[in-house]
Amino acid sequence: MSDLTSRPDVPTAARDARQVPDKVTVDGLEDRWSGAWSEAGTYAFDRTATREQVYSIDTPPPTVSGSLHVGHVFSYTHTDVVARFWRMRGREVFYPMGWDDNGLPTERRVQNYYGVRCDPSLPYVEGFEPPHEGTDGKAVKPGDQVPVSRRNFIELCERLSAQDELQFEALWRRLGLSVDWSMTYQTIGATARAVSQRAFLRNLERGEAYQAEAPGLWDVTFQTAVAQAELEARDYPGAFHKVAFHRPDGEAVVIETTRPELLPACVALIAHPDDERYQHLFGTTVTSPLFGVEVPVLAHPAAEPDKGAGIAMCCTFGDLTDVQWWRELRLPTRSVVGRDGRVLRETPDWITSEAGRATYGELAGKTTFSAREAVVAGLRASGDLLGEPVATQRKANFYEKGDKPLEIVTSRQWYLRNGGRDEELRDALLARGGELAFHPDFMRVRYDNWVGGLNGDWLVSRQRFFGVPFPVWYPLDEQGEPRYDAPIVPDEAALPVDPTSHVPPGYTEAQRGKAGGFVADPDVMDTWATSSLTPQIVCGWLDDPDLFARTFPMDLRPQGQDIIRTWLFSTVVRAHLENGSLPWSHAAISGWILDPDRKKMSKSKGNVVTPMGLLEEHGSDAVRYWAASARLGTDAAFEVGQMKIGRRLAIKILNASKFVLSFGPADEPVSLDASLVTQPLDRAMLAGLAEVVDQATAALEAYDHTRALELSETFFWTFCDDYLELVKDRAYGAGASAADVTEATASARAALGLALDTLLRLFAPVLPFATEEVWSWWREGTVHRAPWPTSDALRAAADGTDPGLVAGAGAALAALRKVKSEAKVSMRTPLEHAVLDVPAALRAGVEAAIDDVRNAGRATGTLEVATSEGETVVARDARLGEAAPR
RNA sequence: GGGCGAUUGGCUCAGUGGUAGAGCGCCUCGUUCACACCGAGGAGGUCACUGGUUCGAACCCAGUAUCGCCCACCA
């Protein structure tokens with residue numbers, strides 16, 4: 001009866017069951033089947049498959065230091081539906097899972113959990129045990145944290161992540177993700193570090209990575225440089241201050257500024273070259289108030305006449321426009337704000353007047369906030385503050401994880417070319433975006449906007465301790481100064497290295513930090529510098545060329561819309577530079593989960609409803625149904641009601657299947673022999689199903705799982721409510737033994753068998769547990785490795801029958817039901833007489849199935865059929881009998 | 001300021017040129033020999049607004065409003 005041969009990935013639980021239980025339930029299916037799948041290796045990746053046979057997925061590695069919330073369940077379900085569909089389509093699905101344990105969140109969590117902090121200057125300690133374990137609800141204070149080497153810190157991170165990962169994996173298994181759990185990776189693991197370092201070294205070799213000392217955005221809290229992609233513009237309260245500079249003759253030139261504390265860092269006043277008000281000042285100099293520094297008045301087109309006074313104070317550096325002016329007008333560097341966000345303590349030499357030096361002395365060491373107050377007080381006293389400051393809400397750049405506005409400081413950093421300063425590369429990356437299939441397509445504009453708007457290369461270095469170190473040392477000259485122009489790199493075979501504990505080739509540890517010796521690059525890579533390489537990490541770019549050839553470029557990147565500019569773009573950059581290709585051909589972008597009040601579901605609220613709690617309460621199939629009923633790229637409401645509908649559907653599948661399998665003898669309850677389907681109604685039902693199969697398949701191929709589910713679901717309910725009701729008496733074949741079933745009965749049983757077989761496959765990607773449960777009652781193997789249905793066999797069985805016949809018969813049945821419903825009697829009440837007024841278009845269906853209609857409607861007497869002008873079937877002249885005694 | 005998306009019955013959403021759809025909720029009734037985690041029947045919408053194109057517009061075009069998001073804006 002089955003066309004499937006037994007295979008090793010068949011869950012054994014399935015073979016043992018092989019019978020329909022008396023009572024069916026969705027409860028407990030998760031444990032039963034996730035265990036069976038794991039044991040049988042149902043989702044194990046077969047690495048002998050060729051690239052054409054493989055469908056590879058670049059799964060987002062969830063941050064293990066955080067917790068999973070319903071948004072994760074939502075988007076990971078979308079990916080799993082895709083994975084299951086392609087697996088059934090016959091593709092070998094490469095579906096690994098990563099854990100993101102690299103970056104600031106993990107760093108903080110490890111500090112608090114183990115009571116340690118990373119100090120890369122310390123040596124590695126073998127067998128180190130942390131002083132503390134567990135958070136006890138409160139963090140270990142920074143002062144009580146024990147300093148440890150970077151290697152020890154990374155080991156602790158891996159240890160903590162391993163614990164977190166177990167919980168995450170348990171949740172994903174319960175949700176039914178068809179991941180191959182033998183393939184997991186960590187973003188701080190040795191493979192990921194080696195891949196990051198090797199990719200960096202190759203970028204360096206090709207000139208794609210470079211170092212530069214330049215002004216850049218700087219977070220004073222974390223004391224690290226920040227990349228453009230990590231910026232967030234936020235409203236920040238400020239005030240416009242009108243400040244008078246003075247010409248040599250004493251005439252005042254008034255500017256407006258929100259950063260008066262940068263007055264000592266002023267290098268010029270700048271106005272637009274066409275601004276008539278300031279023509280006479282260009283080429284002259286003015287003197288700053290309080291500090292008495294002479295600065296030129298210059299023209300530059302970036303100055304906007306209608307902003308402020310139309311003439312701006314250019315400081316090093318108040319904002320990115322200052323940097324532009326500084327660069328293009330070749331202005332001197334006069335920095336006064338240090339990396340800690342405080343005014344530099346040493347009085348700068350460009351302030352020469354005694355009064356100016358005294359004023360600066362009062363500012364030294366102050367935060368920018370306190371310095372501002374002091375400068376404003378000074379200006380007020382000197383009469384150079386005109387009027388009172390006017391409060392304003394201005395936008396300031398923040399590091400997305402920080403809470404103080406970013407400063408601009410000059411520092412030496414590593415950059416990776418990403419087209420931000422190179423039109424040719426930018427165009428090439430835009431073209432790559434054009435090759436990538438975004439789902440939904442409109443998400444592409446976020447990529448285009450971002451790449452088109454880049455204003456510099458990708459800053460990849462961070463002044464943090466934890467992360468993937470740059471695999472670079474610098475020789476020290478005779479004066480002990482590092483020679484940044486001559487970096488020493490390790491052999492690729494030695495990766496991953498930690499330059500703070502490993503020694504570069506040709507040196508000894510004793511030479512570390514000594515003149516004539518070497519020094520390690522102290523920085524670590526931006527976390528995106530590692531996660532941008534997830535395809536290379538999972539596909540074995542480092543040391544498994546065979547696997548790489550079978551999986552890369554990958555097929556799918558699923559991810560959130562918020563990280564198109566970071567994760568998606570940076571991955572495209574790396575693959576373009578390293579592999580000369582796109583990293584994947586499709587990008588599936590999931591939407592947000594919204595609160596009932598249409599706000600993005602916050603983490604705090606998300607944590608109130610824990611994912612595991614949801615799965616336990618509603619069942620995994622139900623939660624998956626809710627997720628799968630939202631389209632890619634569309635925000636979805638967190639709606640328990642939708643989960644209840646999913647649960648109902650799963651239960652209905654169990655019950656309807658049980659019913660279908662109850663008609664025939666236990667050893668062969670239904671047939672899959674299409675040649676037995678002879679009755680028009682049965683053929684019409686299969687014809688309709690064939691259309692559903694074609695449309696659902698096309699929808700899934702187009703990454704529209706919602707449409708596919710809707711089509712299958714709609715068909716299924718009609719199948720249950722009308723078709724099943726119409727044919728059940730015939731399918732029972734009352735009184736007929738297995739040996740002599742009538743042709744009509746055999747037809748119904750075969751049609752039901754073919755339909756059930758098809759429907760289970762159609763639902764399997766969304767409802768893996770309920771469908772597998774039913775499959776185990778009568779089929780061999782697992783539905784999840786069964787071939788995706790095709791319409792060919794169904795169409796052959798339908799033999800050209802019009803699928804509309806089902807609608808006609810269904811309408812006739814509904815008309816009879818309506819008579820009873822309006823008479824407020826039981827559906828079992830016999831109908832002794834009625835006339836069906838049938839529109840011409842439905843007449844064929846009614847007549848073809850008139851015996852089934854009669855049975856299903858309990859029409860015991862005469863049932864006449866007349867043609868009507870109406871739009872639907874109406875029953876009239878009904879005469880109801882006595883309800884059958886119970 | 002630029003852009004993207006959304007606006008359809010109480011709720012959540014389908015519907016891209018041909019007489020408004022689904023599920024939930026609601027109302028009425030029935031039912032426990034597949035399914036009470038059930039079934040049947042029913043009520044309920046001038047498709048945000050204003051113009052335009054068209055024989056015909058929820059759908060196409062122009063604009064407006066509201067909501068969400070992305071980018072830019074720091075004098």
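Every chain is numbered from 1 and lettered A, B, ... according to where its sequence line falls, protein lines coming before strand lines. Computed from heavy atoms alone, side chains included, the values below leave out hydrogens, waters and symmetry copies.
Residue A:Lys644 has no polar side-chain atom (N or O) positioned under 4.0 Å from OP1 or OP2 of B:G23. At the phosphate of B:A34, OP1 or OP2 sits under 4.0 Å from a side-chain N or O atom of A:Tyr732. Taking side-chain N and O atoms only, A:Lys818 has a distance below 4.0 Å to OP1 or OP2 of B:G42. Between A:Arg648 and B:C24, a side-chain N or O to OP1/OP2 separation shorter than 4.0 Å is present. Proximity of A:Lys307 to the phosphate of B:C74: a side-chain N or O atom is located under 4.0 Å from OP1 or OP2. In this structure, A:Thr258 does not reach the B:C74 phosphate: none of its side-chain N or O atoms is under 4.0 Å from OP1 or OP2.
Base pairing analysis places B:G17 opposite nothing; no Watson-Crick or G-U wobble pair with both distances below 3.5 Å involves it. The partner of B:A40, taking Watson-Crick or G-U wobble pairs whose two distances both stay under 3.5 Å, is B:U28.
Backbone-only engagement by A:Trp717 is indicated by non-hydrogen atom pairs under 4.0 Å involving sugar-phosphate atoms exclusively. Base contact: A:Ala233 has a heavy atom under 4.0 Å from a base atom. Using a 4.0 Å heavy-atom cutoff across all strands shown, A:Ala302 reaches at least one base atom of the nucleic acid. Among the heavy atoms of the strands, none lies under 4.0 Å from A:Asp322. At the heavy-atom level, A:Arg565 lies under 4.0 Å from the strands shown only through sugar-phosphate atoms. Using a 4.0 Å heavy-atom criterion, one finds that A:Met827 contacts the sugar-phosphate atoms exclusively. In this structure, A:Thr706 reaches neither bases nor backbone, as no heavy-atom distance under 4.0 Å exists between it and the strands shown.
One atom, CE of A:Met443, and another, C1' of B:C71, lie 14 Å apart when rounded to the nearest Å. Distance, A:Trp326 CH2 to B:A75 P: 21 Å, rounded to whole Å. Spacing between atom NZ of A:Lys652 and atom C1' of B:C35 amounts to 6 Å, rounded to whole angstrom units. The interatomic distance linking A:Arg234 (CZ) with B:C70 (P) rounds to 12 Å, in whole Å. Between A:Phe245 atom CZ and B:A75 atom C1' the separation is 11 Å, expressed in whole Å. Rounded to an integer number of Å, the gap from A:Leu649 CG to B:G39 P is 11 Å. One can place OH of A:Tyr447 at 18 Å from C1' of B:G3, the figure rounded to the nearest angstrom. Rounded to an integer number of Å, the gap from CG of A:Asp235 to C1' of B:C73 is 11 Å.
Nearest nucleotide to the A:Arg631 side chain, out of B:A40, B:A14, B:C71: B:A14. Ranking B:A72, B:U12, B:C37 by closeness to the A:Thr25 side chain, first place goes to B:C37. Closest to the side chain of A:Ser826, from the set B:U12, B:A75, B:G30, is B:G30.
Sequence order on RNA chain B of the closest nucleotides to A:Asp319 and A:Phe442 puts A:Phe442 first from the 5' end. When each of A:Ser662 and A:Pro305 is assigned the nucleotide of RNA chain B with its nearest heavy atom, A:Ser662 is the one assigned upstream, toward the 5' end.
B:C59 sits 12 Å from B:U50 when the P atoms are compared, rounded to a whole Å. Rounded to the nearest Å, the gap between the C1' atom of B:C37 and that of B:C49 is 44 Å. Spacing of C1' atoms, B:G9 relative to B:G44, comes out at 6 Å, to the nearest Å. Taking atom C1' in both B:A43 and B:A20, one finds a spacing of 16 Å when rounded to whole Å. To the nearest whole angstrom, the two C1' atoms, one in B:C70 and one in B:G17, are 32 Å apart. For the P atoms, the distance linking B:U28 with B:G21 amounts to 26 Å, nearest Å. With both ends at atom P, the span from B:C67 to B:U8 equals 15 Å, rounded to whole Å.
Here the side chain of A:Thr745 pairs a donor or acceptor atom with the backbone of A:Arg730 at under 3.5 angstrom. Using modelled atom types, no side-chain atom of A:His439 and backbone atom of A:Ala587 make a donor-acceptor pair closer than 3.5 Å. Without hydrogens or angle criteria, A:Asp322 side chain to A:Asp319 main chain gives a donor-acceptor distance under 3.5 Å.
Between A:His300 and A:His272, a ring centre-to-centre spacing not shorter than 6.0 Å is recorded. In this structure, the ring of A:Phe74 has its center less than 6.0 angstrom from the ring center of A:Trp626. Between A:Phe663 and A:Phe659, the gap from one ring centroid to the other is short of 6.0 Å.
Checking A:Gln559 against A:Ser590 by side-chain atom types alone, no donor-acceptor pair falls below 3.5 Å.
Distance check, rounded to the nearest 0.5 Å: CG of A:Leu320 to CD of A:Gln228 gives 9.0 Å.
A donor-acceptor contact under 3.5 Å links the side chain of A:Arg647 to the base of B:C37. Checked by distance alone, A:Glu725 brings no side-chain donor or acceptor within 3.5 Å of a matching partner on the base of B:A40.
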